[in-house]
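One structure is given below, encoded as structure tokens.
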Amino acid sequence: MKYAYYPGCSAESTARDMNQSTLAVARALGIELQEPEGWTCCGATAGHQTDRMLAASLPAANLAKVQDMKLDMLVNCAACYNRMKVANHEIAAHPDVRQNVREALDRDYDGSVKVRHLIEVLLEDVGLQTITKSFKRSLNGLKVACYYGCLLVRPPGIMKFDDPENPQSLDRLVTVMGGQSLDWPCKVECCGGGLSLTRTDVVVDLTESILDMAVQSGAECIAVSCPMCQVNLDLRQQDINKQGGKHYEMPVVYITQLLGLCLGFGPDELGFEKLMVPAANILKKVEASGHE
Amino acid sequence: MSNNGDKKIGAVLVAGGGIAGVQSALDLANSGFKVYLVERDAAIGGMMAHLDKTFPTGDCATCIVSPKLVECARNLNVEILTLSELVGLEGEPGHFKATVRRHPRFVDEDKCTGCSECTQVCPVDIPDEFNRHLGTRKAIAKLYAQATPNIFGILKNGHSPCKRACPARVNVHGYVQLIKQKEYLKAVNLIRERNPLSAICGRVCTHPCETECTRGEVDDPISIRLLKRFASDKEMEMLASGQLTLPDEKTPGLDARKVAVIGGGPAGLTVANDLAAAGLAVTVYEAMPAAGGMLRYGIPEYRLPKKVLDHEVEIIRRKGVKFVFNCRVGKDVTFLDLRAKHDAVFISGGAQKSRKLGVDGEQLVGVVDGIEFLREVASGRKPQVRGTVVVVGGGDTAIDSARTALRLGAKEVIIVYRRSRAEMPATPSEIEAAEYEGIKIRYLTAPRRLQEKDGRVNAVECIQMKLGEPDASGRRRPVEVPGSEFTIQADMVISAIGQVVDDQLLGHIVVKSEGGLFQIDAVTGQTSVEGVFAGGDNVTGPATVIEAVAAGKRAAESIGRYLKGQDLRGDRFEDFLRPIPEGLLPALDKVEKKPRAHPEEIALANRLSNFDEVEQGLTEEQALAEAERCLNCALCSECGRCVEACKQHAIDHAMREQTVTLDVGSVILTPGFAEFDASRKGEFGYGHYSNVVTSVQFERMLSAAGPFEGHVIRLSDGREARRIAWIQCVGSRDATCGNEYCSSICCMMATKQALVASEHIEGMDATIFYMDIRAHGKDFDQYYERARAQDNIHYIKSIPSRIVQLPGSKDLRMAYLDETGRLAHKEFDLIVLSVGLEPARSMAGLAACLDVKLNEFGFCDTDRLQPLCSSRPGVFVGGTAQEPKDIPETVTQASGAASMAMELLAPARNSLITKKSYPTEHDVTDEEPRLGVFVCHCGMNIAGTIDVEQVVKAVEREPNIVVASHSLFACSDTSLSNLKEVIHQHRLNRIVVASCTPRTHEPLFRETLREAGLNPYLFELANIRDQCSWVHSAAPGLATEKAVELVKMSIARARTLWPLEGGTLAVDQAGIVIGGGLSGMTAALALANQGFDVHLVEKDNRLGGNLHSIHRTLETENIAAFTSDLIDRVQKHPRIKTHIEAEITGIKGHVGKFHVSLAHGGKNAEVTGGAIIVATGAQAAKTTEFLYGKSDRVLTQVELETQLHEKRWLAQGQNVVMIQCVGSRNEKHPYCSRLCCSMAVKNALAIKKLDPNANVYVLYRDIRTYGFREIYYRQAREAGVVFMRYVPEAPPQVTDDNGLMVTVNSPDLPEPLAIEADNVVLSTGVEVDFENNKRLSDMLKVPLNADGFYVEAHMKLRPVDFTTEGIFLCGLAHSPKFIDENLAQARAAAARAATVLSKTHLDVSAQVSYVNQQKCISCMTCVTVCPYSAPYCNKDGKGQIEAAKCMGCGICAAECPARAIQLHHFETDQFEVMIKTLLSDDREGNDGSGATGRASTAHVVGKS
């Protein structure tokens, strides 16, 4: 199992913990990852909103590199994944877009590179059975609200990732990890992603309603697979608590961090120290499972 | 019927038994055609049967549809084929051959009386599709309570995986269900049908059934083996306690054919059991001193106690099986001898010889053969066992030997096995048990040599193995690891590496063998020698008990056939098993996980010193919970309880699919629709959130006959729902799911549901989220306004994008844009998704079979000018199969389609119909009343509450009673034949039946009286079920008393009954059509084409009416050509006499003979006919609003259309503003004119086509482009037409002060908008000529509504009839509608008229009122009150009743102040005598206590 791994910019900054845990999980499960030489930004959130050509060309620059590697592209950031797939779709469906991309990149790219999300690879290529066999510890009944956000599943016609309204893939992973995945109603609500810096007020409103629902559903943590979601949900709890007199203390972790724990990695190997809301409750539960 | 020559076939196939199909069928059958009504479901009724109420009438849907269904079922010329589908159609119009596939009902339709005894015992609960999975139904059930035909049916999917996985095909599903019902003995009997070793297999079976159990995909498979054991143990317990005795011993007859069975193991026992049960003389030759084979001598007691084995052998023996023990074939008796003395032989000698280890030292003392060892122990001898025992092998024998050795005193037991655990053939649970008991297993270890000390074995020299490449068995071959030898000390070695068939046996029996096994035919089990069969281990090598049983079953079936000289191969048991098709297995996602039951075991400490059974059975509680986990994969479990319960012997589980071919002249397609699958709109959470339901589910909730008896509850907690929301257009007007069309009915359905729910729920608050409210039908808008005016019903024009279920409460939160465009949130208890209409699921297949074209959405493709014709000539279409539509339009179209078929087959009318003839009526005038009283049990329905025998006793001595009896089902064929006989035998002249209800059964009994030569009015029914046993089930004693009184009242009344004769009247077989527009011309043509003469009366000076002002429609460009062609055809038709410029001056007569006087250019004339069709039309409404008439740039839509057509319209490149609802939907005209939205879209599109730069603004209230017209609305928006909403409180303002200016204050815009208009176009709607309609309606004596439109007999189900018989209605005179709808309705009126005109004579009911002329005081109250205009003032100035018009309702009789009017059969004295009887005080003497001890029986208590 070898893939061209596109980490995306956030993997090197705000989401280093995502990257770190992704690499750890891949290592443990025998997934070989190779970064494309000289990969660049996919244009997510700012670039793709301003210019249709930029929106296709930025991902295409990376996809073309992967095409040369003759591998499938593996992405973990939901925003990157979304951009790559939409660009592929645009380029394949519209000859004018393909022509423009050709001009921008100085080479032709046909939109044919297979873009895979880490979750897809885990479920389809590695398989739940193999994953389960590799576990050393369990989530020990931890109540997890799986949060997919909007970019992973939408637009459904292009992403073709799980059920767009009630996705299950993260929940299945949580279940085999021995966690209790919650049936809660905000799995695919928007957290405000791209407006994080420009309209913090909107983001605070949106994240508050998501956090509120997670709390009401009895969640002990939220599991995400998108750096944007993670930052919004993790970082804004302070603001919400200050503004609305709430007392949220909801750890927001990457699914790869949970997988990493169960695969036997320590929190320091998975970037747990980077979380704004500490995940001590999770670590304690997983720790306890090891002593059974 | 042959179709040679040109003679057409006078029969029609109607495909689909919803209201459309039923209407078509009735119209055709009532006008001389044979009808086959083909319905896929188990009953007719379609969607209407699901509905609670109908809008806007508020009728109970079932109450109005049921009579039609019953009429259909009773009509001699309608043959209903339920569970059937049309799968092929060959031939030409007039001569088709239709192929119909009939699925089995598993219940004989002729025998079933609908008593429901079967359903009461059925153990299987499955999701109820009729109630849309709100609740469950039984596998045997009626489709719904009022189902027609009123009979039961069984749902089967195939056979369950468990049953099919069992080698012996034991009906696992069935016995699990029986255990669920605590019917343990029945469960054991069901098991024994396929496996006589029930208790044994309950202990030692390897249960392949459990591996296949569907429940395993949810959590764990059902513990099937232990359930079998549980039931079997219950049987043994009952025997032990004396509650049950063993069956009597049987002996075969002297002439019975003889069968020899060699070997009394499981295969042999099975054959013996089955053949002895079939009456054959079976002898089992067994080498050992007792029966059981390996069961006895191979399986240790701690797994299978001998008493269990003995028990089952004894049951087999008692069937007449003879056992010869200690008789070895080949030694004590020869095979040839057996063959000579028996008619057939079964060989099941087993595999009794152990394989040799093949290592040095095998002959040493202390080395024993495992089988031998176990046999010794089983025989009661105790071999010496001490020290360390090494067992070699990995099968069950190895494990059994090891565990036995442990129990016999071994200090240590070690199993050595040469492969790994994964390859070990022993049962996994056995391996675990061995390990648990302390036995060590050394895998990948093989013995090389047995070492000796003192003449005894003392050690096993072993070598380590590793797994190499797979061998022939597919398992990896063990390979020695060089240099890995080691030694295990052993005091005893048991070799258990497999068994083979005894060479001697193989050599002695002269049938073909190969590789040490007898060879048989895989299907029949027969060996190479005819009449000699074989099975079990000596055919397969060592295998399981259940496989041996299966081999026995196979051979027994063959031997039975062989001895009868039958074919051994065809139609074997196996051939009847069908797998459950993919996709029909139960849905697993919602199944709640429940743990599998685990039995207790004897504690380790207590088990090693004895051979007590280790595993205990399940407790009753465990067993019941376990059985409850069954998912009923196959639906019906074939447990047999219904067969046993059905006293009519109507149930037949072996019924199979049939194909029939029918000769028909025409086909009408009425398959109806399917509702949209709401789970496709995931954002609403249907199927995920329990409080989100579909509109059809909500309908079932509201229904009193529904799963919650009319209570609207939340499925999450059963609480009554108060805050309810409706989301409209779920799956309609939605391109994302492929359904761009409007479903037409949902707006009204939601409105109705909100109104009805308001009545059900106190404090209910309803919110309807909609796009446009489409209340375009007759009287719909008024209904909608009424709902809108209610404080608790809110309409919000917004479609929410998502529903969120709140954790905990499971309330539903919805986000939507409010009227001000702001995001709002609201929470609800229950959300109803108004699901759209899609083509019936069968439609695509049907269309393919019939070669009929479908449109882009999958509905039957039709032309707006040929709305009833499919693409295949001779195949017509009606109802929602053509386009989503409401009930009245469906019924109308169905009648219209019937007319199409009648026109095609006119020459064949009356050629295939059946008319019943009766014997001459027996004259009873001068006879004393001789009464027969028959009390019905109605199965348990009546007899369960009322003591029917006591009722009979209480009345049998009443005066005039000749016969009194009771029967299980008075309505069964047998009882009815019996009734006829009794009438003859005892010369009865009055009959009283005490039973269910006259509503459904009176006609049946009256019919029987006629068949017996009695006048049908000499019958009386006492309702002791609906009005007694059902309502008083809690008080059986009082119910019996009441029943006695009811029957006595009926007896009293019956004495006063006398025969009544209805008259007949001749029919003038010509039709009169009033109005020469589109509808009138179409109706006239339809009748003329059917062969009737027609008078077409038109007041204008030309035919055509409004058609002349229509130039094009949305779909069709050239209406002028259509119009001129139509007029031409009317004028040239030889049977149509046109009366132009004719004014109607008077109408007289009644159905069958009307006289219409005409004033014809100053001359008077009269035309006559048997039926009248009113098609007087309507016209474009006038207006003075919005400067119409003041500015020449303000036009109506009709004027715009004409200008566009004549290319006179000049406002190019400029602004056109259209205003909708001008003069409509207001106080003056509260109705919606239906056409104007589409007309605006049509003209707007025409303008845009003419000049794409023109700006067209449509100011509207709701856009009502229903059905497929929605597509044009979208096209208009795409073309750039701007649609702007206004509300009636703030209508647009049109000014012409400074150029034409329209100001609109739209709720969807932040501020008022002023548009400079070059043209303002007004959609003025449709209105009738009120004065003219009033005059005509007075002459016809039919009603008009407040708007001047004619009022039909019933808005839903009689849309073209009037309450006055013989007069019909169509076209705009009924209500505004489009050309295609007028065409359908005109033909519908023609079809209805044909039901009259096709007859030469009409029967006049005998049950009519009559006036006593002496008593009449000439007040004419009767004339005023009669809804049917039957009474009139005769030449003497007295009231008189026109029998032909009287409907027998009795209103006149009740209202007559002089009591001069009586209604035949319901005379005052007939009621008085009933009341007197009730009030009389002689009850005590006759309450049955006075009756003698004479046994009351189910037969006649004769007195004559």
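Predicted model, so just to flag it, every value in this text is computed and none were measured.
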(request) Please flag which part of B/Tyr689 lies under 4.5 Å from any non-hydrogen atom of chain A: side chain, backbone, both or neither. (result) side chain
(request) Please state whether the side chain, the backbone, both or neither of A/Asp163 comes within less than 4.5 Å of a heavy atom of chain B. (result) neither
(request) Taking atom CD of A/Gln129 as the centre, report whether more than 12 heavy atoms of other residues, nucleotides or ligands fall under 6.0 Å from it. (result) no
(request) Heavy-atom pairs under 4.5 Å with chain A are the metric here; pick the option from B/Arg813, B/Gln805, B/Glu683 that has the most. (result) B/Glu683
(request) Answer yes when B/Lys681 and A/Glu165 have at least one side-chain N-carboxylate O distance shorter than 4.0 Å, and no when they do not. (result) no
(request) Look at atom CD of B/Glu469 and say whether more than 12 heavy atoms of other residues, nucleotides or ligands are closer to it than 6.0 Å. (result) no
(message) Are there over 12 heavy-atom neighbours, none belonging to B/Arg802, within less than 6.0 Å of that residue's CZ?
(response) yes
(message) For A/Lys246, I'd like to know if atom NZ has over 12 heavy atoms of other residues, nucleotides or ligands within 6.0 Å.
(response) yes
